[in-house]
Amino acid sequence: MKTNKTSIPVALTIAGSDSGGGAGIQTDLRTFAFHCVHGTSAITCITAQNTLGVFRVDAMPSEAVIAQIRAVVEDIGVQAAKTGMLLNQEIILAVAQEVRTLQINNLVVDPVMVSRTGAQLIDDDAIQTLRHELIPQAAIITPNRYEAQILSGLEIVSLEDMQNAAQIIHKNLGTKAVLVKGGGMSGGLKGVDVWFDGERLEILRTKQVETKNTHGTGCTLSAAITANLALGKDLWTAVQEAKEYVTTALTYSLDIGKGQGPVGHFFPLLEK
Ligand SMILES: Nc1ncnc2c1ncn2[C@@H]1O[C@H](COP(=O)(O)OP(=O)(O)O)[C@@H](O)[C@H]1O
Ligand SMILES: Cc1ncc(COP(=O)(O)OP(=O)(O)O)c(N)n1
């Protein structure tokens, strides 16, 4: 039988594993697959996690992270990449070095530092390294409310605060574009995001989805942006379409586990 040779864009996620399948590598690969992009991965840490929380985190040796990135990039090649939970300073430095040396373009940095509930996930040294070594190489960074507060030095409670933070982060950190996410905002701002690329300050509004099952929204959004970049879309289009995707995935969120379930990535299949 003759086989079809399929050409497909490739994306890389450099992130942690979530045993519960709601965030991290598992979510990123599902999002890539939904977009018909071949997903590759470099795992930075293993979390024992479910819908109730994170119970243990084991870091991978930084050499192992480097080896995974090189194995993928040197053979397969990637059109876009994202980073998620990088955990510690050594891993962040290693990733920043590899991104530079291998000239990985279309880099989306989801600066996973603080959970949506406000708990800090990485130490202060690691935050400084992320700020100075990795973020300047990004096409876009996607901080949530608390991460944007750390990166801008502003307290964020209003839309104006989100807009100011996006502009400060853009000016100070050297990334091409910033998307401040509003999942952690209250009232009418939940689900409202702010984009700034040095010229355009835009507000991305969608309907607010009433669900407790929002685990993995940040990972899903950044992975969808990455997939869209791998497909050749420009950054602004990639962000707008990713925002629509995460909103729809939220409306199909999965009621699994006793806590905060994940979003539903394959919503057309769930309708069957
Ligand atoms: N209840 C909701 N309704 C609509 N959009 C939401 C909701 N919760 C989060 N989002 C959106 O999900 C994306 C991820 O944002 P956020 O939850 O703030 O990130 P993180 O998961 O990194 O904390 C953003 O586009 C945000 O606006
Ligand atoms: C392994 C791992 N990586 C990232 C996260 C955080 O996920 P995120 O989508 O940014 O945040 P929530 O929407 O789940 O708050 C994680 N929990 N685990």
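Counting starts at 1 for both ligands and their atoms, following the listed order. Heavy atoms only: backbone and side chains are in, while hydrogens, waters and symmetry mates are out.
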If you measure from each non-hydrogen atom of [X] to ligand 2, which part falls under 4.0 Å: side chain, backbone, both or neither?
X: T214; answer: backbone
X: Q260; answer: neither
X: A23; answer: side chain

Return a yes/no value for [X]: is any of its N or O atoms, backbone included, closer than 3.5 angstrom to an N or O of ligand 2?
X: T47; value: no
X: M85; value: no
X: G218; value: yes
X: T217; value: yes

We want to know whether [X] and [Y] form a side-chain donor-acceptor pair, criterion being a heavy-atom distance below 3.5 angstrom.
X: N213; Y: D255; value: yes
X: Q260; Y: T214; value: yes
X: Q89; Y: T129; value: yes
X: Q26; Y: S17; value: yes

Does D110 come within less than 4.0 Å of K181, counting only side-chain N to carboxylate O?
-> yes
Does K82 come within less than 4.0 Å of D28, counting only side-chain N to carboxylate O?
->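 The answer is yes: the pair qualifies as a salt bridge.
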Is the distance between the ring centroids of Y252 and H265 under 6.0 Å?
-> no
Using a 4.0 Å cutoff against the non-hydrogen atoms of [X], which atoms of ligand 2 qualify?
X: H215; answer: 14 (O), 17 (N)
X: S17; answer: 1 (C)
X: G16; answer: 1 (C)

Out of [options], who is nearest to [atom] when you count heavy atoms only?
atom: atom 20 (P) of ligand 1; options: S222, A249, G218; value: G218
atom: atom 4 (C) of ligand 2; options: S222, G84, G183, C219; value: C219
atom: atom 11 (C) of ligand 1; options: R145, K243, E244; value: K243
atom: atom 12 (O) of ligand 1; options: V194, T217, V209, L221; value: T217

Any G216 heavy atom less than 4.0 Å from ligand 2 = yes
Could you tell me whether the side chain of S19 and the main chain of Q49 form a donor-acceptor pair under 3.5 Å?
->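 Yes, because the side chain of S19 sits within donor-acceptor range (under 3.5 Å) of the backbone of Q49.
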So for L250 against ligand 1, with non-hydrogen atoms under 4.0 Å, the contacting part is side chain
Close N or O approach (T214, ligand 1; < 3.5 Å) | no
Nitrogen or oxygen atoms of D193 and ligand 1 under 3.5 Å apart =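 Between D193 and ligand 1 (N or O atoms, distance only) the closest approach is under 3.5 Å.
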Atom indices of ligand 1 within 4.0 angstrom of [X] heavy atoms, with elements:
X: K207; result: 4 (C)
X: G191; result: 4 (C), 5 (N), 6 (C), 27 (O)
X: G184; result: 18 (O)

Determine whether R145 and V180 make a side-chain contact, defined as any pair of heavy atoms from C-beta on separated by less than 4.5 Å.
-> no
Parallel, tilted or perpendicular for F196 and H170, by the 30°/60° rule?
->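 F196 and H170: perpendicular rings.
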Between Y245 and H35, how do the two ring planes meet: parallel, tilted or perpendicular, split at 30° and 60°?
-> perpendicular
Got a second to check how far L130's CG is from E147's CD, nearest 0.5 Å?
->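 Answer rounded to 0.5 Å: 9.0 Å.
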